[in-house]
Amino acid sequence: MGYADEQNEIYRRGTTGQRPKRPIDWRVLESQASQQLRPGPWGYIAGSAGREETNDANRTALSRVQIVPRMLRDVSTRNLERTVLGTRFPAPVFLSPIGVQTLAHPEGELASARAAASLGIPFTASTAGSHTLEAIAEAAGAAPRWYQLYWPKSRDLAASFIQRAEAAGYSALVVTLDTWLLGWRPRDLTEAFLPFLWGEGNINYFTDPVFRSKLERSPEDDPAGAIALFVREFSNPTVTWDDLEWLREQTSLPIVLKGIQHVDDARRAVDAGVESVFVSNHGGRQVDGAIGSLDALREISKAVGDQTELLFDSGIRGGADAVKALSLGARAVGIGRPFIWGLAVGGSDGVRDVIAHLLAELDLTLALTGHADIDELDASAVKLSDAH
Ligand code: FNR
């Protein structure tokens with residue numbers, strides 16, 4: 001059984017009168033999710049910073065790179081397996097960290113983590129999750145999982161999050177660098193909606209022993225006091241490269257720096273000795289008018305691709321996009337908003353389908369472009385379009 005069998009299975013079911021339960025086309029899935037959710041939650045999921053031009057740039061950067069298929073090569077069996085951050089995965093794909101997933105579905109992260117685990121790909125638990133990292137770990141079972149740290153103001157709290165993640169069996173620490181402050185997000189501002197102020201997405205803080213020790217009254221007795229402390233702890237714009245040394249001392253897990261876009265920052269990350277650079281612009285949610293993330297990957301890959309493991313997200317909307325990013329040096333590719341659309345429309349099954357469909361399209365594109373192994377993909381598989 002390969003990933004492409006997902007396609008055979010859909011056609012086979014068609015012969016018995018069964019149609020797919022949810023839209024196959026992600027544009028339709030997105031539209032269905034948008035109609036299902038209330039304006040506040042939908043705006044939070046869909047929105048980006050400012051005029052949302054970075055979000056557009058992410059897509060433009062992907063469109064500008066085009067695949068050049070090769071013929072007459074034996075692609076009858078394919079291998080998508082790859083080792084990422086020390087773990088062997090069936091495919092170079094993961095779920096990017098997304099907070100407050102209960103905005104999309106009552107089961108939130110538990111449903112998404114189960115779906116990722118059923119396909120053996122890593123789920124990345126956000127510090128801003130709506131379920132505790134321990135509960136998510138339990139939902140993921142034996143499947144590998146990563147923890148994404150929003151590095152809080154107090155070092156003892158940061159250390160506590162890291163210790164909890166280690167104790168709960170997370171195998172990598174993804175540190176997000178682009179969100180020390182929230183970007184200017186007109187959709188959220190229009191709705192005057194920030195989930196954390198409504199007590200959604202702060203459960204990792206409210207259950208943390210160090211966080212609780214900083215409160216006079218417990219979050220259960222005084223939610224407003226706990227939310228106020230959350231707000232103070234979340235925003236931490238003082239962090240610099242020098243602080244990475246402290247972070248390194250806190251953990252033996254591989255450290256991934258998420259949000260890198262500049263070549264010099266990528267070089268600096270390599271010099272700092274972290275295991276991985278995660279090229280991402282947070283899906284355009286932080287800096288409007290910034291470069292498309294794939295444009296950043298192209299440059300960063302040339303500069304440091306052979307010295308570190310590059311992860312990539314921002315704009316991935318199908319298997320062909322994944323092929324482009326992998327060809328340009330990504331070791332693995334993160335799915336962002338699309339799995340949340342699946343979650344909104346179909347819970348855990350909806351997330352499972354989004355992942356399985358991306359993997360099927362990735363597998364088919366690999367075959368149809370003349371590659372039998374994911375490791376054969378390199379820059380020669382794509383070209384920059386002249387049309388842009
Ligand atoms: C995010 N992202 C994010 N990143 C992170 O490091 N921690 C987080 O808690 C969140 N939360 C979050 C919520 C929502 C609703 C979205 C859409 C995104 C960013 C995420 O990891 C990823 O970088 C982007 O989603 C990639 O862009 P696309 O592909 O979704 O456009």
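Counting convention: from 1, in listed order, for ligands and their atoms alike. In what follows, every heavy atom counts, from backbone to side chain, and hydrogens, waters and symmetry copies are set aside.
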Notebook entry, point to check: Who else is in the cluster with Trp146 when I, L, V, M, F, W and Y are joined by side-chain contacts under 4.5 Å?
Noted result: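 Its cluster mates, by chain and number, are Val84, Leu85, Phe89, Phe94, Val174, Val256, Phe278, Leu311.
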
Margin query: Is there a path of hydrophobic side-chain contacts, each under 4.5 Å between heavy atoms of I/L/V/M/F/W/Y residues, joining Val28 to Ile316?
Written below: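 They do not share one cluster, since no chain of ILVMFWY contacts under 4.5 Å joins Ile316 to Val28.
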
Check: Is the gap between the ring centers of Tyr205 and Phe161 under 6.0 Å?
Finding: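 Ring centroids of Tyr205 and Phe161 are less than 6.0 Å from each other.
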
Item checked: Distance-only donor-acceptor check, side chains Thr102 and Glu200, under 3.5 Å ->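 Present: a donor and an acceptor within the cut-off.
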
Next item on the list: Might you list the protein residues in contact with ligand 1, defined as having a heavy atom under 4.0 Å from one of its atoms, sorted by chain and number?
Entry: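 For ligand 1, the residues that come within the 4.0 Å heavy-atom cutoff are Tyr44, Ile45, Ser96, Pro97, Ile98, Gly99, Ser126, Gln148, Tyr150, Thr176, Lys258, Ser280, His282, Gly283, Arg285, Asp313, Ser314, Gly315, Ile316, Arg317, Gly336, Arg337.
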
Notebook entry, point to check: Considering residues, nucleotides and ligands other than Glu138, do more than 12 of their heavy atoms fall under 6.0 Å from its CD?
Noted result: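 Atom CD in Glu138 is not crowded, with 12 or fewer foreign heavy atoms closer than 6.0 Å.
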
Notebook entry, point to check: Are Arg51 and Asp288 close enough, and set up right, to give a salt bridge (charged side-chain N to carboxylate O under 4.0 Å, His left out), and what steps lead you there?
Noted result: CA-CA 7 Å; Arg51 295 170 59 118; Asp288 194 27; 5.5 Å; no

